[in-house]
Amino acid sequence: MTDSNSETKLEVKQASKEFKESENVAEKYSTMTGTKNSDMNVSELPAAFTAVPTHKSVKRQIQFANQEDKQEFNKFPTKTGRRSLSRSMSQSSTDSYSSAASYTDSSDDETSPREKTQVNSKGSTDFCVKNIKQAEFGRREIEIAEQDMSALMTLRKRAQGEKPLAGAKIIGCTHITAQTAVLIETLVALGAQCRWTACNIYSTQNEVAAALAEKGVAVFAWKGESEDDFWWCIDRCVNMEGWQANMILDDGGDLTHWVYKKYPSVFKRVGGIVEESVTGVHRLYQLSKAGKLCVPAMNVNDSVTKQKFDNLYCCRESILDGLKRTTDVMFGGKQVVVCGYGEVGKGCCTALKALGAIVCITEIDPICALQACMDGFRVVKLTEVVRQMDVVITCTGNKNVVTRDHLDRMKNGCIVCNMGHSNTEIDVASLRTPELTWERVRSQVDHVIWPDGKRVILLAEGRLLNLSCSTVPSFVLSITATTQALALIELYNAPEGRYKQDVYLLPKKMDEYVASLHLPNFDAHLTEMSDEQAKYMGLNKNGPFKPNYYSSTMPAIKRNRRVRQEQWHVQERSVSGKFTSAVSPSKVTRSS
């Protein structure tokens, strides 16, 4: 009995002590907030300051520093709306900026866009996007991208008066981001009619697609499409009654493949194809070799401006962004293997090495392998090192680079991702078996769990990491977009007979012109050769300064490719005779 009383007294004493401590905290809190203790309502204190538990439910109020903060808070939705917002904000570190921000979160609306009937402000329904009401936000993102894509905007201003693409009906299949929206709207400003779809099921920025649809562009794309949705969107883009495409702008070759297979009559009437990815270019060369390519095609992927800038610098900056957003990984001391040491691989390795990662390379090409060695990287076989790797990155453009055997041998927690265009580099299909469990932990992040408990972290289901999980720099994409626009102009305005049914590289004159448009951003001033120097070098003072056969990636060009450039007129001329005065390369300012 005595023990029981003493225990009761001890509990009361302890409770009294806790209550006094809570009073002291409350008093301190009231001093900080400028509120007298006598006026303080305990229920207004945050839960952290309420030391004594209570069984009575208390409605807590949020205090604001001023009335403006309170008004700003009240703008947000209540109850379920706030929960939706919370989910959206929690995803902001894992999705791309556009898809993570609260205004594009569509977790509460699972209805497929194919089942909706949406109308833009002009009364058109010729589009299919996630939510046309997001157009205002998409317009803001496009305007931000325009600020850092000054060269493409300059081309738009110089050429829109003469409309070099008047009459062009372009179907496009690219990533639909703020940067490609600037390209699409440039093509429209130059006189083209455009219908567009996405080349990747995860990279579409929903609000940007909505902004394009609101502007009148027929867009068929949304983030998170199924495979069936993907091909349905491509078909809707191509198959429009009373509308016949005469140009194709492709990224990956899926649009070209669909038109070739499903609409052969349309394919034969197309005036030209512009392709920017290694996968799509490979498909074009296969068609050409088989004698089935019945239209001229422009290989933008192997142009100097694409390889040296987009592939290298874009991936150098975006690889870290994509990995950080999805995994929060620290790179210092991590063992990383990068499969492929082309321009994309070089960019990835440079960034990873700078943050302290221990990087090794796999390569099939002895020249690229030697470059890797001289840049300080070990060249290995994936089978030799896969057990020790913390991160495995593919960027080859090939298929089955990482097989099920490699995945089985990886250690617990290994991160696997792809920086190549196609999702064929990692054998993801082999992971969809009954003995393996898939667990979605974040947007675009899956844990694939083996029977023994081992987990492999797969990003974007093996699709392109940077555009699926993060963002890319607008400036470097301006270089590629400007090159694509000029390639379309050249093919569309070329006189009959200049281009045969084959695959062509861009002339160096055009590459150099694209580069010159971007130099003013750095206040760069080119040196001009004297007449004597030009004669000594055997060059024109205004370029081109490199021969047509020059490429930054000559080892990557297959030996069986026929690079037809003898048709290019390398003498000094405009990139398109239709608007010589508008964009003549000779107008580029040089300092002596």
Side-chain angles (χ1 to χ4, degrees), residues 199-200 251-254 275-286 299-302 306-308 310-316 318-319 322-323 336-353 357 359-373 375 377-386 389 391-407 410 414-431 458-468 551-561:
C199 67
N200 186 297
D251 184 355
D254 289 320
E275 172 60 56
E276 74 155 313
S277 77
V278 64
T279 304
V281 166
H282 180 63
R283 290 178 173 181
L284 288 174
Y285 279 116
Q286 286 179 325
N299 172 3
V300 170
N301 179 72
D302 288 318
K306 174 68 164 60
Q307 288 286 340
K308 281 190 174 293
D310 190 339
N311 290 15
L312 176 62
Y313 298 112
C314 177
C315 296
R316 188 177 71 179
S318 60
I319 178 65
L323 286 168
V336 182
V337 59
V338 177
C339 302
Y341 201 65
E343 298 304 313
V344 173
K346 288 181 176 70
C348 293
C349 292
T350 302
L352 292 162
K353 184 179 180 180
V359 184
C360 55
I361 308 297
T362 70
E363 251 302 340
I364 61 169
D365 189 319
I367 296 177
C368 291
L370 182 59
Q371 284 181 305
C373 292
D375 286 338
F377 300 108
R378 286 179 59 219
V379 178
V380 298
K381 290 184 177 181
L382 185 58
T383 53
E384 297 172 351
V385 299
V386 70
M389 293 298 109
V391 185
V392 177
I393 303 170
T394 59
C395 46
T396 68
N398 209 331
K399 65 180 292 187
N400 295 336
V401 178
V402 175
T403 64
R404 175 62 188 267
D405 180 59
H406 294 132
L407 292 159
M410 289 177 185
C414 183
I415 300 168
V416 185
C417 64
N418 171 44
M419 281 292 287
H421 175 84
S422 178
N423 64 336
T424 59
E425 300 204 31
I426 302 168
D427 188 9
V428 176
S430 68
L431 298 176
L458 179 64
L459 305 183
E461 297 184 20
R463 296 180 184 272
L464 182 59
L465 173 71
N466 56 1
L467 280 160
S468 296
S551 171
S552 63
T553 56
M554 283 303 290
I557 297 179
K558 302 290 187 294
R559 274 114 178 123
N560 63 351
R561 290 184 181 177

[X] [atom1] to [Y] [atom2] distance, which is reported to the nearest 0.5 Å:
| X | Y | atom1 | atom2 | answer |
| --- | --- | --- | --- | --- |
| Met410 | Leu382 | CE | CG | 6.5 Å |
| Lys346 | Gln371 | NZ | CD | 4.0 Å |
| Cys368 | Glu363 | SG | CD | 4.5 Å |
| Lys308 | Glu343 | NZ | CD | 6.0 Å |

Decide yes or no for [X] and [Y]: does some side-chain heavy atom of the first lie under 4.5 Å from some side-chain heavy atom of the second?
| X | Y | answer |
| --- | --- | --- |
| Val338 | Val359 | yes |
| Ser422 | Lys399 | no |
| Met419 | Asn466 | yes |
| Val392 | Leu407 | no |
| Val379 | Tyr341 | no |
| Cys349 | Asp375 | no |

Open item on the list: Taking side-chain contact (heavy atoms from CB on, under 4.5 Å) as the criterion, tell me which of Thr424, Leu459, Thr394 meets it with Asn418.
Closed with: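 Passing option: Thr394.
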Open item on the list: When you measure from the side chain of Glu425 to the backbone of Thr396, do you find a donor-acceptor pair of N or O atoms at a distance under 3.5 Å?
Closed with: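 Yes; at least one donor-acceptor contact below 3.5 Å.
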Open item on the list: Between Gln307 and Asn301 (side chain of the first, backbone of the second, donor and acceptor by atom type, cut-off under 3.5 Å), is there such a pair?
Closed with: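 Checking the backbone N and O of Asn301 against the side chain of Gln307, a donor-acceptor pair under 3.5 Å is found.
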Task: Test side chain to side chain contact (heavy atoms under 4.5 Å, CB included) applied to Ile393 and Ile319, step by step - done: CA-CA 10 Å; Ile393 303 170; Ile319 178 65; 4.0 Å; yes
Task: Pair Thr403-His406, side-chain donor/acceptor within less than 3.5 Å - done: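 Distance-only check passes for Thr403 and His406.
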